[in-house]
Amino acid sequence: MTAQSLFFIAFAGQILLISMVFPQTIVRRMTHVLDNYPPSTHPRLYPRPLEHYEGKRSTYRTLNYVIVAIGIAAFVALTTVDFNRKTFGNTAFWYFLLQIVPMLWIEHTLRAELKLMRELNTRSTRSADLSPRRLFDVMSPALFWSIVVVYLGFWVFVTWFRQFDYPWFGGYQNNLIITAMNVFFASILGWQLYGKKLNPHQTDEDRMRHTRRIAMLLGLVSIAATLYAVMTILLSAAEYREFQPFARSVYFQVIAFMSFQVYRLDDANFDVYREDARAT
Amino acid sequence: MQIVVDIESPTPLFAQLIEQVKRAVQSGAKKPGDPLPSIRQLANDLNLNNKTVAKAYRLLERDSVIQARGYRGTFVHPDAKAASLVDLNELVTAKLTNTIAALKESGATDSEIRIAFAAIMNRRES
C-alpha cells in the first residue's frame, strides 16, 4: 500500500473520529446531564437558564459539522493533486488545529460557567480535606517512571543519533522541545493538584478523580509525543519520509482519543448540585 | 478528614482552622506523624488568603500541635494530643483578666493599664 493511500485512510479517520465520533459522544453526555439532572432538581448546576446550555450544545454540534465539511473538502482537494509530503502533512496538521477549536471553546465556556457558579455561590461554609495531595495520589508510579524512562531514553537516542551527521537533524533542539512540553505538562498538573478549586460544589473525591484523569492524559501524551518524535526522526533517516503525513494523522487521532477520555461524567456526584446539598 | 470554615462566623478564620485541627487530633482522625496539607493547598481549597492559613499553622506550631519539616511538609507533632488539650489563648486571656482586675482594684485607670501594657510589650519586642 502506498504512502498516499495510507495517508488518505488515516486522514479520513482523523475527520471522522475527531470531528464526528468523539464530539457525538460529548453531545450525548451533555444531553444525558440535561435530561437526568435538570434545573428543577439540580439548580446549582445551572447558573444560567436551561436554554443557554441547549444553545451551547447546538453550537458545539454545528461547529463540528462545519469542520467535517471543511475536512471533506480538504480530502477531495488532496485527491486532485500529486502526493507531496509537506502539503499532505501540513494539511493534516492545520486541520487538526481546526478540529480542536470546538474542544477549546467548550473548555473556555466551562470556565466561564464555573466562574459564574463561584459568584452565585451563597454558601458561607467551605470545606477541604485535611490531607496533602501528592503526585503519586493521582499518577501511578508505573506511569511516572515510564515517562522518566522514555524522556531519558530520548536524550540517549538524540545523543546517539547526532553521530550520523544528518543535515536535516535538529539535534538537541528536539530535546528542548520535548523538555518544554514536559515542563508545561508538569505545570498544568501542579495547578490541578494545588490550584484553586474552580467548581465550588465539586466534592474532593470528584476533584481527585478528575485530576487522576488529567494526570493520566498528560503522562500518556508526553510518552506518545516523545515516541512520535523518535518515529519521525527514524522515518527521515530510513528515507521513508513519505510516510510522515500518515504517521502524523494517526498521532493526532491517538492524542484526541486520549483527550476526550477526560470528559467523563459517569462517576461524577451530581447530588452536590441539589438545592439542599451540604457544603463541599 | 474534612475541615469546614464558615466565612460569616464571628470567630476569626484562623481560629476556626486551629480549633478544627486540634479537634482532628483529639478525635484521633489525625495521629502524630500524619502529614498535613501545605499552606497553599489548604488556602486554595478553602478559598482563603495564604496568610490566614499561615497564621493558623504558625500558632499551631507554637502550641506544639504541628511541626514543619522543611521541604518535606507539615506533620502532626508527636505531642499533639496533649498539646491540643491546652488552649494557650484561653490561658493568656484568663491570666490577663485577673491581672487587669487586680490593677483596677489598685486604682489604675484603663488608659494607664493600656499604656503600661504597650510599653512592656514594645520593650520586649525591641
Side-chain angles (χ1 to χ4, degrees), chain A residues 44 47 111-139 141 186-212 214-215 269 271-273 276-280, chain B residues 1-14 16-50 52-54 56-57 60 65-77 80 84:
Chain A
R44 291 177 194 276
R111 280 178 189 275
E113 289 305 310
L114 292 175
K115 189 180 175 200
L116 198 58
M117 244 185 218
R118 288 197 298 276
E119 284 167 6
L120 294 175
N121 184 24
T122 51
R123 284 176 180 147
S124 63
T125 54
R126 297 167 188 168
S127 71
D129 194 11
L130 199 56
S131 302
R133 286 191 291 273
R134 291 185 172 140
L135 178 65
F136 287 137
D137 294 335
V138 294
M139 183 183 273
S187 63
I188 293 177
L189 187 57
W191 182 81
Q192 277 289 332
L193 263 177
Y194 306 115
K196 278 198 191 302
K197 190 174 168 179
L198 295 180
N199 182 343
H201 309 301
Q202 191 180 38
T203 61
D204 287 330
E205 293 78 31
D206 276 355
R207 186 180 178 184
M208 284 301 273
R209 243 195 310 269
H210 184 67
T211 309
R212 268 187 213 112
I214 298 228
N269 179 4
D271 288 341
V272 294
Y273 302 111
D276 54 353
R278 287 178 58 221
T280 54
Chain B
M1 167 70 203
Q2 289 277 310
I3 193 162
V4 182
V5 294
D6 187 346
I7 53 168
E8 284 174 8
S9 164
T11 311
L13 292 165
F14 76 89
Q16 290 183 47
L17 288 174
I18 290 172
E19 191 197 324
Q20 292 199 47
V21 172
K22 284 184 174 178
R23 209 183 299 154
V25 170
Q26 282 169 14
S27 69
K30 283 281 161 195
K31 296 186 172 58
D34 279 356
L36 291 169
S38 66
I39 290 170
R40 194 176 146 217
Q41 180 190 319
L42 198 54
N44 279 338
D45 286 359
L46 294 169
N47 203 9
L48 300 176
N49 193 311
N50 281 359
T52 307
V53 180
Y57 270 31
L60 283 166
V65 177
I66 65 172
Q67 60 180 173
R69 292 187 202 156
Y71 69 92
R72 280 174 294 178
T74 309
F75 297 82
V76 177
H77 196 279
S84 60

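No experiment lies behind these values; they were computed from the predicted model shown. Note on naming: letters A, B, ... go to the chains in the order of the sequence lines (proteins, then strands), and numbering restarts at 1 for each one.
- With a 4.5 Å cut-off on non-hydrogen atoms, B/Ala29 does not touch chain A at all.
- B/Asn47 CG to A/Lys196 NZ: the interatomic distance, rounded to the nearest 0.5 Å, is 5.0 Å.
- Both the backbone and the side chain of A/Arg133 have a heavy atom closer than 4.5 Å to some heavy atom of chain B.
- Here the straight-line distance linking atom CG of A/Asp204 with atom CG of B/Asp45 works out to 6.5 Å at 0.5 Å rounding.
- Applying the salt bridge (Lys or Arg N to Asp or Glu O under 4.0 Å) test to A/Asp129 and every residue at least two apart in sequence or in another chain returns nothing.
- B/Leu46 and A/Ser127 make their closest contact through CD2-C, 3.6 Å (heavy atoms, listed as atom of the first residue, atom of the second, distance).
- For B/Leu13, the side-chain contact (heavy atoms from CB on, under 4.5 Å) test picks out B/Val5, B/Ile7, B/Gln16, B/Leu48, B/Thr52, with sequence neighbours left out.
- For B/Pro37 against A/Ser131, the heavy-atom pair with the smallest separation is CD-N, 3.8 Å.
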